[in-house]
Amino acid sequence: MASLSPLTGTLGRRRATHLLRRASFRFTKAKVDELAGKTAAQAVQILLSPSNLKVAEPLYGGTNNQNAVNPPVPWVDLHVSQQPAEDFVLRRFITSWWINEALQDNGIGFKMQFFLHQFNITDTVTAGNSNFWDYLKLIRFYKTGNFKKLITKMVADNVMLRYLNNNQNTAANPNENFAREFFELFTIGKGPQIGSGDYTNYTEDDIVACAKVMTGWRTASRNLDVAPYALTNLDPDTGIPAGQPRPNQHNWEEKKFTSKFQNLTIPAVTVASQKTQQKMRDELQLLVDRVFAQDETAKNFCRRLYHYFVSRNISAEIETDIIKPLATTFKNNNFDIAPVLSQLFASQHFFDADDSENKDEIVGGLIKSPLDLALQSMSFFGLAIPDPVTQNLQHYATLFNSSVQNYILQPAGLPLFYPDNVAGYPAYYQEPDFNRSWFNSATIITRYKLGQMLLTGKRINGGQLGTKLNIATWVKNSGTITDPSDPYVLVSDLIDYLMPEKPDDKRFNYFYNTVFLDNLPPYDWTLEWNNYLTSGNATEVTIPLERLIQELMYSPEFQVG
């Protein structure tokens, strides 16, 4: 029986590595060791604790690197020599900033931001970079906060309004695109089709009614000095620029929903003085309240959370014992996300401790996403990151844009913030494969070459990566290896942190004897290591260390977490 009962006792290293791999893009020995001495509940609260941004906003190249993406007046409206001439030039700075902040985030914040991005999918090219920056701020604002409020705010997000064409949705020319995805992707989910235009959780008639509620929302300039909407550009709850309701383009007719939503009826408005922006917001809130009142909305959220953090498999047992109780927690907490995460991550089920076989379902059961693979590898090995101010172009353009985005994430199947379609990235929604979609003939080359790229400091095409792992220096100074002169300890320590489960003796001996020692006696390594410490010449120790790291990162065990 799957169980959400709390796991008792301290985590220990194995469970701490599992929790950190799943809950954060940043994976370090120090954090594992910190969590290992905590109970599951304590560790989860540490990961949920908010962390400060390393750099408040992206900085972009020019004679003054302090110029940021979000100056008092939107940068696209300025005409000074230090700023990019074209909007698309700034795109790489915003996405690179996000990757670097995800790499530096010690908690769950950026992992949840990416989950919410997948849940409320948009792209970087639809509405300009300043607007996309606001979208990122919005999902960051609600990363572990109130999901219901986030969904309500998404209706007015300037990127979303364009991405799903709701800025074209008027009383005279209705557009149902956003309304359709509002049900299917953002809230209640599309169940099995059980009749003509009937998708179990909603119908085509409900989509029509929803589209009418959504009419009249329009994008708004980020420039707060532009009249006549200067006072309404900022969302009052978040302070983030947003779109606006335009009453003259709204459908004020009666909106009738089906029994799927308890026959909700929003009355027509016939008095001109009542056709206001606030009335449009009231209609939207009535709809959101009724959608979130349906049990399936909470369950849909929890299923997607489970697929993202736990497993691609949701059996009848998991549905009954895990999804439904999590959904109850979600509803009872008025759709705040943090209580659901706390219950899930502290549970026996999350750690494979709810049955007699604790290595058969969860731990090591997800193929790492390209983001997990890249950022957890970079953080574990402590790769040097160029400074965004003093090494601006190397930081943004060379490392994070040209290398991480273009030569690691995209070839591995994750074109960051540029999904294939409105459903997002297939590994998060495509049944029955889900995370198995990350691993196929088109993506394995980049995954298998990651270790080589980090060790050589070069991309697959030979260009500069922008950073490089000096493995001998890392082994000597990082503190990860308790006794680098002992080859058995060295290999054991690396495997303990890099693999979800300890391999059997035959597999361990392959890495230890065949790969690392090259079938030479152990004292040969001890001699070479001591020579390195004395002479400072790392040539002879670098060869077996690089051989070991590449083989570990190439292994199937490293590809899962």
Side-chain angles (χ1 to χ4, degrees), residues 21-22 25 27 95 99 102 111 114-115 117-118 121 123-124 304 307-314 360-378 380-381 399-465 469 495 498-501 503 507 510-511 514-515 546-561:
R21 280 195 193 96
R22 293 294 178 88
F25 288 126
F27 181 83
T95 54
I99 297 172
K111 197 71 178 283
F114 197 71
F115 171 77
H117 163 60
Q118 166 62 27
I121 205 75
D123 63 31
T124 59
R304 291 176 66 171
H307 284 314
Y308 185 77
F309 283 112
V310 185
S311 173
R312 71 186 184 90
N313 299 312
I314 297 181
D360 63 342
E361 297 172 79
I362 308 303
V363 178
L366 280 181
I367 295 175
K368 294 175 184 173
S369 76
L371 264 174
D372 289 318
L373 192 69
L375 300 189
Q376 290 177 4
S377 298
M378 292 174 69
F380 180 75
F381 289 112
L399 177 58
F400 289 112
N401 180 253
S402 297
S403 297
V404 175
Q405 291 186 74
N406 295 342
Y407 281 92
I408 296 178
L409 300 182
Q410 185 168 329
L414 182 55
L416 186 65
F417 301 133
Y418 196 68
D420 292 341
N421 57 59
V422 295
Y425 310 96
Y428 295 123
Y429 71 85
Q430 191 68 64
E431 299 184 60
D433 288 342
F434 288 104
N435 65 96
R436 288 184 178 179
S437 300
W438 295 130
F439 202 87
N440 56 57
S441 59
T443 63
I444 57 174
I445 294 177
T446 298
R447 299 182 74 98
Y448 284 158
K449 293 286 187 180
L450 179 60
Q452 176 185 316
M453 285 190 279
L454 299 184
L455 288 164
T456 62
K458 293 179 183 274
R459 305 192 295 258
I460 292 176
N461 72 337
Q464 292 299 312
L465 188 68
L469 170 60
I495 284 177
L498 294 181
M499 292 187 175
E501 300 283 10
R507 185 66 169 155
Y510 167 74
F511 291 111
T514 305
V515 176
E546 289 189 346
R547 192 167 60 227
L548 175 63
I549 295 302
Q550 289 197 63
E551 193 66 24
L552 286 172
M553 294 181 70
Y554 187 89
S555 69
E557 296 95 329
F558 182 75
Q559 301 298 321
V560 298

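Positions are given from 1 along the sequence. No hydrogens, no waters, no symmetry mates; every other heavy atom, side chains included, goes into these values.
Of the inter-residue distances, the one linking Phe417 atom CZ with Ile99 atom CD1 reads 7.5 Å to the nearest 0.5 angstrom. Interatomic distance, Leu454 CG to Met378 CE, rounded to the nearest 0.5 Å: 7.0 Å. To the nearest 0.5 Å, atoms CE (Met553) and CZ (Phe381) are separated by 5.5 Å. Expressed to the nearest 0.5 Å, how far CD1 of Ile367 lies from CG of Asp372 amounts to 12.0 Å. Rounding to the nearest 0.5 Å places CZ of Phe309 at 14.0 Å from CD1 of Ile362. For the atom pair CZ (Arg447) and CD1 (Ile408), the distance works out to 12.0 Å, reported to the nearest 0.5 Å.
For the pair Arg304/Tyr429, no side-chain contact is recorded, criterion being any heavy-atom separation below 4.5 Å from C-beta on. Side-chain contact between Lys458 and Gln464: present, with at least one pair of heavy atoms (C-beta onward) separated by less than 4.5 Å. Taking the side chain as every heavy atom from C-beta outward, Pro419 and Asp123 approach each other to under 4.5 Å. The closest side-chain heavy-atom distance from Asp420 to Pro426 is below 4.5 Å. Side chains of Arg507 and Phe511 form a contact here, defined as non-hydrogen atoms less than 4.5 Å apart.
Pro370 and Trp438 get closest at one heavy-atom pair: CD-CE3, 3.3 Å. The two residues Pro500 and Val363 have their closest heavy-atom pair at O-CG1, 3.8 Å. Minimum interatomic distance between Ser402 and Tyr407 (heavy atoms only, all atoms of both residues): O-CD1, 2.9 Å. Looking at every heavy atom in both residues, Leu409 comes nearest to Ala374 through CD2-CB, 4.4 Å.
With Arg22 contributing its side chain and Gly561 its backbone, the two residues share a donor-acceptor pair below 3.5 Å. Checking side-chain atoms of Arg312 against main-chain N and O of His307 turns up no donor-acceptor pair under 3.5 Å. Between the side chain of Arg459 and the backbone N or O of Ser403, no donor-acceptor pair lies under 3.5 Å. No side-chain donor-acceptor contact under 3.5 Å links Gln376 to the backbone of Leu371. A donor-acceptor pair under 3.5 Å is formed between the side chain of Thr443 and the backbone N or O of Asn440. Judged by distance alone, the side chain of Gln118 and the main-chain N or O of Tyr425 form a donor-acceptor pair under 3.5 Å. Under the 3.5 Å distance criterion, the side-chain polar atoms of Gln550 are left unmatched by any main-chain donor or acceptor of Leu450. In this structure a side-chain-to-backbone donor-acceptor pair under 3.5 Å is present from Ser437 to Phe434.
Residues passing the ring-ring contact (aromatic ring centres under 6.0 Å, His included) test with Tyr554 are Tyr448, sequence neighbours excluded.
Between His117 and Phe114, the angle of the ring planes lies from 30° to 60°, which puts this pair in the tilted group.
Within the cation-pi definition used here (under 6.0 Å to the ring centroid, within 45° of the axis), Lys368 qualifies as a partner of Phe558.
Surrounding OH of Tyr418 are at most 12 heavy atoms belonging to other residues, nucleotides or ligands under 6.0 Å away. Other residues, nucleotides and ligands contribute only 12 or fewer heavy atoms inside 6.0 Å of the CZ atom of Arg436.
Using modelled atom types, one finds a donor on one side chain and an acceptor on the other under 3.5 Å when comparing Tyr510 with Glu551.
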Audit row: Thr446, Gln410, side-chain contact (heavy atoms from CB on, under 4.5 Å) steps and yes/no = CA-CA 9 Å; Thr446 298; Gln410 185 168 329; over 6 Å; no
